[in-house]
Amino acid sequence: MKTVITELVFLLCFFCIPSDLLPFERQQLFLRTRQIPVLTYHNIYQQPAREDPLFISAAHFDQQMKIFHDKGYHSILPDQLAAYYQTGAELPGLPFMITFDDAHVEQYTLALPVLEKYQFKAVFFVMTVCIDKKGFLSAKQIASLSSVGHVIGVHTWDHPNMAKQQQLNWKLEIDKPKKRLEEIIGKPINCFAFPYGAWTMQVLQGLKQRGFTTAFQLQGKQSAEQPLLTIRRIMVNGASKPELLIKHITTVFQ
């Protein structure tokens with residue numbers, strides 16, 4: 001109990017001081033704060049030709065969500081995770097996050113009913129070039145997801161590798177997508193997912209300047225200086241048995 005109280009005091013004191021002055025303490029915070037499992041899904045089909053990190057069947061997605069539900073996991077959203085890092089705010093027991101990339105329409109038609117079945121909330125990172133196109137989410141569906149408590153995040157306009165863009169077109173790839181999505185859902189958006197999980201410190205600064213408070217990569221090393229803008233995720237293998245997925249996340253996220 002004494003250890004828990006000491007770490008909570010450390011968290012509260014740390015965030016009362018400008019982060020630029022305390023690189024060592026920021027690193028210590030990162031080391032002391034457990035990482036919350038964040039799952040990433042892309043294509044969900046009734047009967048996909050293959051199941052791998054990019055494709056999963058609706059049946060297997062249901063099985064994976066069921067085991068999280070049955071074992072007592074609780075889905076959380078980016079603002080909850082940010083509060084945990086910033087103030088030591090309490091999270092529900094066995095927290096995890098569910099995210100979807102690229103705005104495929106099956107995320108609404110197939111994944112959403114499963115999420116509702118197990119009372120989970122998720123984050124949908126949208127490429128705005130795809131909105132209202134065949135096979136992708138419509139503006140109406142995006143608004144519907146937001147209205148029932150899911151979070152909508154920015155995933156650029158057309159999925160560039162931001163780490164390889166010497167002169168990133170911020171207006172095209174970030175500013176306009178953020179504005180359009182905010183117009184669709186009628187509320188501010190402050191979370192982002194890096195295409196390919198790729199980022200640089202310069203990109204992090206650009207996101208911070210634009211009001212993003214959380215950003216999600218893949219399995220790269222999380223930045224001790226900007227942990228909330230380099231939150232780690234895993235791409236879930238569609239062929240993974242539920243029990244092995246649970247075992248895997250407890251190993252990856254510590």
Asker: Using the test salt bridge (Lys or Arg N to Asp or Glu O under 4.0 Å), find all partners of E243 that sit at least two apart in sequence or belong to another chain.
Answerer: none

Asker: Partners of Y196 by ring-ring contact (aromatic ring centres under 6.0 Å, His included), sequence neighbours excluded?
Answerer: H159

Asker: Work out which heavy atom in A163 is nearest to a heavy atom in T200; give both atom names and the distance.
Answerer: CA-CG2, 3.8 Å

Asker: Who passes side chain to side chain contact (heavy atoms under 4.5 Å, CB included) against K179, sequence neighbours left out?
Answerer: E183

Asker: Grab the two heavy atoms, one from I98 and one from K121, that are nearest each other, plus how far apart they are.
Answerer: CD1-O, 4.1 Å

Asker: Transitively linked via ILVMFWY side-chain contacts under 4.5 Å: I189 with L228?
Answerer: no

Asker: For the side chain of H42 and the backbone of T40, is there at least one donor-acceptor N/O pair under 3.5 Å apart?
Answerer: no

Asker: Is a salt bridge present between K171 and D175, judged by a nitrogen-to-oxygen distance below 4.0 Å?
Answerer: no

Asker: Counting only heavy atoms from other residues, nucleotides and ligands, does the tally under 6.0 Å from CD of E116 exceed 12?
Answerer: yes

Asker: Partners of F96 by ring-ring contact (aromatic ring centres under 6.0 Å, His included), sequence neighbours excluded?
Answerer: F68, Y73, F120

Asker: When Ile, Leu, Val, Met, Phe, Trp and Tyr are grouped by side-chain heavy atoms lying under 4.5 Å apart, directly or through other members, which residues fall in the same group as L244?
Answerer: none

Asker: Side chains of Y108 and S138: any donor to acceptor distance under 3.5 Å?
Answerer: no

Asker: Examine the side chains of Q217 and R232 and answer whether a donor and an acceptor come within less than 3.5 Å of each other.
Answerer: no

Asker: Please name all residues satisfying salt bridge (Lys or Arg N to Asp or Glu O under 4.0 Å) with K117, sequence neighbours left out, ordered by chain then number.
Answerer: D62

Asker: Checking S146 side chain against A143 main chain: does a donor-acceptor pair fall under 3.5 Å?
Answerer: no

Asker: Return yes if some donor-acceptor pair links the side-chain N/O of Q64 with the main-chain N/O of F61 below 3.5 Å, else return no.
Answerer: no

Asker: Using the test salt bridge (Lys or Arg N to Asp or Glu O under 4.0 Å), find all partners of D132 that sit at least two apart in sequence or belong to another chain.
Answerer: R180

Asker: Within this structure, what is the NE2-SG distance for the pair H155 and C191, rounded to the nearest 0.5 Å?
Answerer: 12.0 Å

Asker: Tell me whether V114 shares a hydrophobic cluster with V123, the cluster being built from Ile, Leu, Val, Met, Phe, Trp, Tyr side chains joined at under 4.5 Å.
Answerer: no

Asker: Just jot down the side chain to side chain donor-acceptor pair (under 3.5 Å) partners of Y45, sequence neighbours excluded, or say none.
Answerer: none

Asker: Are V38 and L94 co-members of a hydrophobic cluster defined by side-chain heavy atoms under 4.5 Å apart?
Answerer: no

Asker: For the residue pair Y41 and Q107, what are the closest heavy atoms and their distance?
Answerer: O-NE2, 4.3 Å

Asker: Are L245 and I76 connected, step by step, through hydrophobic side chains (Ile, Leu, Val, Met, Phe, Trp, Tyr) whose heavy atoms are closer than 4.5 Å?
Answerer: no

Asker: Between S240 and V236, is there a donor-acceptor pair closer than 3.5 Å when you use the side chain of the first and the backbone of the second?
Answerer: no

Asker: I'd like to check the salt bridge (Lys or Arg N to Asp or Glu O under 4.0 Å) partners of D52; sequence neighbours left out, ordered by chain and number.
Answerer: R50

Asker: Side chains of L112 and H150: closer than 4.5 Å at any heavy-atom pair?
Answerer: yes

Asker: I want to check something: taking the side chain as every heavy atom from C-beta on, are L39 and I234 in contact at a cut-off of under 4.5 Å?
Answerer: yes

Asker: Mark yes when over 12 heavy atoms from residues, nucleotides or ligands other than Q202 sit less than 6.0 Å from its CD; otherwise mark no.
Answerer: no

Asker: For H104, enumerate each residue passing the ring-ring contact (aromatic ring centres under 6.0 Å, His included) test, keeping only those at least two apart in sequence or located in another chain.
Answerer: F136

Asker: Does any N or O in the side chain of K176 come within less than 3.5 Å of the main-chain N or O of T128, such that one atom is a donor and the other an acceptor?
Answerer: no

Asker: Does the E173 side chain pair with the main chain of D158, one donor and one acceptor, at a distance under 3.5 Å?
Answerer: yes

Asker: Can you sort out the partners of Q119 under side chain to side chain contact (heavy atoms under 4.5 Å, CB included), two or more places apart, ordered by chain and number?
Answerer: none

Asker: Please name the pair of heavy atoms, one in I56 and one in P48, separated by the smallest distance, quoted to 0.1 Å.
Answerer: C-CG, 4.0 Å

Asker: If you compare all heavy atoms of I44 against all heavy atoms of F100, which two are closest, and at what distance to 0.1 Å?
Answerer: CD1-CE2, 3.6 Å

Asker: Check the hydrophobic clustering (I, L, V, M, F, W, Y; side-chain heavy atoms under 4.5 Å; chains of links allowed) and say if M65 and F253 are grouped together.
Answerer: yes

Asker: Name the one of F192, F194, W170, W199 that satisfies ring-ring contact (aromatic ring centres under 6.0 Å, His included) with F212?
Answerer: F192

Asker: I'd like to check the ring-ring contact (aromatic ring centres under 6.0 Å, His included) partners of F216; sequence neighbours left out, ordered by chain and number.
Answerer: F125

Asker: Quick one: do the E51 and S57 side chains pair a donor with an acceptor below 3.5 Å?
Answerer: yes

Asker: Please test Q80 against L77 for side chain to side chain contact (heavy atoms under 4.5 Å, CB included), starting from the C-alpha separation and ending with a verdict.
Answerer: CA-CA 6 Å; Q80 290 174 276; L77 297 172; 3.9 Å; yes

Asker: Locate the shortest heavy-atom distance separating T230 from S223; write the atom from each residue and the value.
Answerer: OG1-N, 2.9 Å

